[in-house]
Amino acid sequence: MNFRTALLGTTAAATAFIGLAPAAHAQRAADGNVKILYFQAVSVMNPYMSSGTKDVHGSSLVIEPLAGFDEKGGLVPRLVTEIPSVENGGISKDLTTITWKLTPGLKWSDGTPVTADDAVFTYEYCTNADMGCSQAARFQGIKTVEATDPQTIKITFTTPKPNPFSAFVGAASPVLQRAQFKDCVGAAAQTCTEQNTKPVGTGPFTVTDFKVNDVVQLAANANYRDPAKPAFATVTLKGGGDARASARAVMETGEFDYAWNTQINPEFQAQLAAGGKGELISAFSNNVERIELNLTDPSPDLPEGERSQIKNPHPILSDVRVRRALSMAMDRQLLVDVGYGAAGKPTCNVIPAPEIYASPNTNCHVQDIEGAKALLEEAGWTDSNGDGIRDKDGKKLSLLFQTSVNAVRQDFQALVKGWWTQIGVETELKAIEPSVFFGGDPGTPDTYQRFYAEAQLDTLDYDGTDPEAYLGQYVCANVPGPGNGWRGTNINRLCDPAYEKLLADLSKTADLNERAKIIISMNDLLTKDGYVSIPLVDRARLSAKSKTLGGVVLNAWDSELWNASDWYRIK
Amino acid sequence: MLTFVIRRLLLAIPTLLLISLVIFLLVDLAPGSPMSEIPRTVPPEVRERMMQAMGANEPVVVRYLLWLRQFFLVEPAYVIDSLMGTNLAGGAQRVLSWQSRMPVFDIIAQRLPQTLTVIGSAYLVGVLIALPIGIYSAYRQYSWFDQLGTFVTMVGSSVPTFFTGVLLIIVFSVNLGWFPSIYDTTLEVTDWASFKMQIMQMALPVTMLALHNATEISRYMRSSMLENLGQDYVRTARAKGMSERVVVLKHVLRNSLIPVVTVIALGIPTIFGGAIIAEQVFKVNGLGTALIGAINASDLPTVQTLTFIFAVLIVFFNLVADILYGILDPRIRYD
Amino acid sequence: MRDATGSAEPPLVRVRDLKMFFPVHTGVLRRHTGDVKAVDGVSFDIMEGETLGLVGESGCGKSTVGRALLRLCEITGGSVTIGGVDVATLSPAELRKARPLMQMVFQDPQASLNPRMTVAAIIGEPLDEHTTLSRDEKLARIYELMDAVGLNRRFASHYPHEFSGGQRQRIGIARALALNPKFIVCDEPIAALDVSIQAQVVNLLEDLQDRLGLTYLFISHDLSMVRHIADRVAVMYLGQIAELSPREALYAEPLHPYAKALLSAVPEPDPDREATRKRIILKGDVPSPANPPKGCNFCTRCPEAQERCHSTAPRLSEVAPGRFVACHRVTESAGATGATMANEHNQMGENE
């Protein structure tokens, strides 16, 4: 049987399946319209053009990767028959290749077959140097992507890759159709408005109308692989407003069925729940609100270019006992209650999930002011002049604590300042406009990379479930400084050979349990042993859904709309 | 009059060029980067290449000249091409938004309808309620109606729109459920039912903005009427034996409208500027939210193009106001 | 006195005890705490075809009298009868119907013409309101009026601001004449004009009076001009008439101390008499009309004031034929009959 007959066979089977599908079963496009509200509106339907969360989520309704993550962080096949592994031969023993097998009979929404060549094209498209691909990092370390046959994609890495699930995994790395994007390679990608807003995909829906930063209208994909899905005939993906208003639109007025990222304070959460039209749903992943500590001296007395650099260790924070005391003073549960409610829980880890990677460390959950005081005494910091602020060798224990302008963060700042004052640490607060703080402009001193402060409150999550790349940030070579245009990611300025040794081991280990062990050690070096970061709150994704919307499974590891094909109207 | 208009238009060119340069430098100097919206998981070298692809890391002079070329040569060429079917543009790059990679003029074309419908009709309704209120308040100065009007306008202009907007939503959308709180830009008016829907969804934002606009204009109308009511020619009209209606509506009103019409004309550019807060609160997603969104994302081409178009509109409507003044007031002649 | 002149005609305008008070509100609650007595009990008659001059300082209430006569403001008390119609009590609709009878020429020709109307529209508007003329007839009438006041017909479609002050006042006069009024109040019609133009306008008014038999109340502070145009002259001080006399008699020998002082300021055309002219300089300021002095209004500044003047207000009484004065001293020395304006409604112009 050649390929063509095989294809015909599956089509026939699929047709037969449609015919046989029981009427009581879910039926495609039977449930009308579903209205989704993203208060940050979708700008573009191509995640290679923008890595904004809203754009990745929006496009996930239309274009899909080979595999995605489920709500527990496990891999699920999307366009392939199974997840490759060393056991099933999908991953070579030397960890240098991974081979994906496309599901037979898969079609683009325009009716043409999906082939391995489309994945090859997508790789070429994103790695073109003139394109400015925002997901280029996912294709790093890849030597070749080949279509060994129309159904098989073989990815070869330059070095052994213990975690090869980066390219074509997750909503941010979908497969594009070569036929549609063939003229959009390189610099031309920027001007392909039609392609970037109405991509041809394999997902449950296709774009029928796109109004930039406003509203996307989609209709069920007639060629979707599951003939009984999606249940909704059309989707309206609207943008605008803020978290409060979008939560209200679902839970109080009932105008929308689903609202993304309804981060609202606990008090308002309770008020909206009383509205009765909807409910808040949350899911945890790896998003930890933490205080980063600066191990180098940010003092403005130093010449420019030497502030916050490795050669000037911090006079106070270099002592791990001080860092630990700062952490002990935290009442993490109170922070959760004040800022997040259902959308947060206390954590002592920078890697809180998936479970296998989470350190079983909970000793920070109880506040210990007295312990912190004792620890500071031990470190030689005493209040010699009775002004309530500890000092040592004529130097006051005084810290600058900065964050981005944000109501919750600034509440946290105030609470933390209170606790630190209790243990005799003078704290000066600073809040910086988010576009400046996160903007990364090397010309401004107020970026989070420059870190011209002792402590800063922020959050950092990472893509997918594997934290290797994330943990790889904390190495000496990644310290931001004038040499690299302040572009490093090791903002704590950690330079720990033991840590870097663990990182090297991790890059060579493929066994999941072994990896977990190393990851936990590294997490502990950053937290309970090293106190480089002070994790505070494990933040959940918090969204709102109407009580008439069924099938929603909130997923914090992938696009929130990952299973929109399963959504249906509760009647 | 014609020479006056031509002279003013010629004078406007250097003014606008200077404005465009100033805007460009201001936007460029403002802190923030187009990468600030990009998740921090994206590594620096990828960011670097993204900036490069957008042309965001060229020197400011190069970017400004490129923008000038795109705005004044390429964009008109595309307009001519689409109208005449020619190919003047020859595929040259248009002004592209950094946020969405869409041509900024396409974004404007998408956004203008809802801005004009909602903000425009709010302005119109505002003017239509402001004029009678202003006229009657002045005619019956210090009456209870006037006192009430003064109170309402004071409240109206001092209470911010984001407050009245949310108040309207809570009362009329959440509690009473009469009107939608979210504007549906995809609604097409094809029949009575959809027209009714359109009116329903316009009700709250238009009410909010119309009240806000009306307070200001009714004050202008009132004070202008008061000034004219005390004029001798009004006494002349009464001495002629004209009825009160003729005296007020023909003599006083026509003269009082001269400055008010000017104020109204000068306010028109704000329609195009959109009402950022109203659009945000009711998710109208017109030009106002386009601008604020672009500012937040440091989307320089969009901010630059939008603000420059507003500048052009302001200069233009200033001219319109001057011309209207000349037409309405025979004492003013531009020669 | 009616018998003395042999005329049986009733006066065209009869004003009795006219009062115009403007209420004063003060305090947070804007309570009514007093009145500005702009006109306080003024009485006079004007015969048909006569010109009554009304003179006085600024703020004495003379313009208010003019407006009150035409009921351009609501009067507080008294009666105004024009052509047998009690203007003071007419309803607004009746008043509008009575408007054609009485018209006014205003002080400021610029401000009193609607800047957005053409000359033709300004003159023609009363015709729209009060007549049923066809368009052509109206236009003919407008041209006729423009001819009458010496305006070139070419200017009919021009706007007021395109004219000089004198021409504008001609427009104002033409407008006033449009409905063939019998009585015209000229409220300082020349005060805003150049001296060279003043004479032209006054001559025009006189000329029109002769041709059309108009009756004027000519309000002015220009005593020379009043002497030129008026038949009789009333001198007002602080809302009241101090003296009302035939022109020649008044200018030759003013009786009221205020009239004396006022007229002493008028330069004499005869150089001999001018050389001997003695000016009487009044001391002090005019009291506030909201709080007039007790007794005679003029007692605070009167060079001849007696004790009585501070306690009792004098009444306007006829001290010589046709001469009415409100002054205790004058009435005493003249041995006045006690006849006053209030109860004898028969004073006459000397030329009748």
Side-chain angles (χ1 to χ4, degrees), chain B residues 1 131 135 138-148 150-151 221 224-262 322-335, chain C residues 25 30 63 66-67 69-73 90 92-119 121-131 157-162 168 171-172 175-179 181 184-185 187-188 192:
Chain B
M1 184 72 110
L131 298 187
I135 293 166
Y139 187 62
R140 292 263 178 264
Q141 195 188 7
Y142 301 133
S143 67
W144 68 264
F145 183 90
D146 182 34
Q147 307 279 13
L148 185 76
T150 308
F151 177 76
M221 189 70 236
S224 180
M225 282 289 286
L226 281 177
E227 196 185 311
N228 277 287
L229 275 169
Q231 294 284 324
D232 278 356
Y233 71 82
V234 179
R235 200 173 290 124
T236 310
R238 291 217 171 96
K240 279 180 188 173
M242 298 291 118
S243 68
E244 252 341 76
R245 205 173 55 83
V246 173
V247 171
V248 174
L249 295 184
K250 187 171 167 196
H251 290 262
V252 184
L253 179 60
R254 284 197 192 170
N255 280 288
S256 309
L257 273 177
I258 297 172
V260 177
V261 164
T262 314
D322 283 353
I323 292 172
L324 275 179
Y325 218 115
I327 292 170
L328 293 176
D329 191 340
R331 285 167 292 186
I332 296 197
R333 281 283 168 268
Y334 305 111
D335 289 314
Chain C
H25 299 278
R30 307 202 57 74
S63 283
R67 286 173 200 167
L69 250 55
L70 301 192
R71 227 177 108 193
L72 290 175
C73 41
L90 289 180
E94 291 167 332
L95 181 66
R96 280 206 296 123
K97 289 207 191 85
R99 285 284 180 212
L101 186 69
M102 48 193 187
Q103 283 296 322
M104 188 155 185
V105 175
F106 292 94
Q107 173 173 4
D108 183 346
Q110 161 94 58
S112 62
L113 301 175
N114 188 332
R116 287 188 60 192
M117 289 169 80
T118 60
V119 171
I122 290 169
I123 300 175
E125 198 185 23
L127 300 175
D128 300 337
E129 187 74 18
H130 295 286
T131 68
S157 59
H158 285 221
Y159 287 93
H161 71 274
E162 293 166 284
R168 279 187 212 134
I171 299 169
R175 194 223 87 235
L177 292 175
L179 294 168
I184 295 180
V185 174
D187 184 5
E188 308 232 21

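In what follows, chains are A, B, ... by sequence order, proteins preceding strands, each numbered from 1. Basis for what follows: all heavy atoms, side chains included, without hydrogens, waters or symmetry-related copies.
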Checklist outcome for this item: Residue pairs meeting salt bridge (charged side-chain N to carboxylate O under 4.0 Å, His left out), one or both in residues 243-258 of chain B, sequence neighbours left out, come to B:Arg238-B:Glu244, B:Lys250-C:Glu125
Checklist outcome for this item: The ring-ring contact (aromatic ring centres under 6.0 Å, His included) partners of C:His158 (sequence neighbours excluded) come to C:Phe155
Checklist entry - With respect to chain B, which residue among C:Pro160, C:Cys73, C:Pro126, C:Gly172 yields the maximal number of heavy-atom pairs within a distance under 4.5 Å? => result C:Pro126
Item to check | Nearest heavy-atom neighbours spanning C:Gln103 and B:Ala239 | outcome: NE2-O, 3.1 Å
Checklist entry - Counting only N and O atoms by type, is there a donor-acceptor contact under 3.5 Å from the side chain of C:Arg116 to the main-chain atoms of B:Leu328? => result yes
Next on the checklist: Would you say that B:Arg235 contacts C:Arg67 through its side chain, given a criterion of any heavy-atom pair below 4.5 Å between the two side chains?
Outcome noted: yes
Checklist outcome for this item: Given C:Gln110, C:Met117, C:Glu162, C:Arg175, the one with more heavy-atom pairs under 4.5 angstrom with chain B than any other is C:Arg175
Checklist entry - Which of residues 92-100 of chain C get closer than 4.5 angstrom to chain B, counting heavy atoms alone? => result C:Arg96, C:Arg99
Next on the checklist: Heavy-atom cut-off 4.5 Å, strictly under: side chain, backbone, both or neither for C:Arg71 against chain B?
Outcome noted: neither
Item to check | Heavy-atom pairs under 4.5 Å with chain B, option from C:His130, C:Met102, C:Gln107 with the top count | outcome: C:His130
Next on the checklist: I'd like to check the ring-ring contact (aromatic ring centres under 6.0 Å, His included) partners of B:Tyr142; sequence neighbours left out, ordered by chain and number.
Outcome noted: none
Next on the checklist: So, applying side-chain hydrogen bond (donor to acceptor under 3.5 Å, both in side chains) with C:Asn114, which one of B:Asn255, B:Asn228, B:Thr236, B:Asp232 is it?
Outcome noted: B:Asn255
Next on the checklist: So for B:Val234, is it side chain, backbone, both, or neither that comes closer than 4.5 Å to the heavy atoms of chain C?
Outcome noted: neither
Checklist entry - Between CG of C:Leu179 and NZ of B:Lys240, what distance do you get to the nearest 0.5 Å? => result 10.0 Å
Item to check | Greatest number of heavy atom pairs closer than 4.5 Å to chain B - which of C:Thr118, C:Asp128, C:Leu113 | outcome: C:Leu113
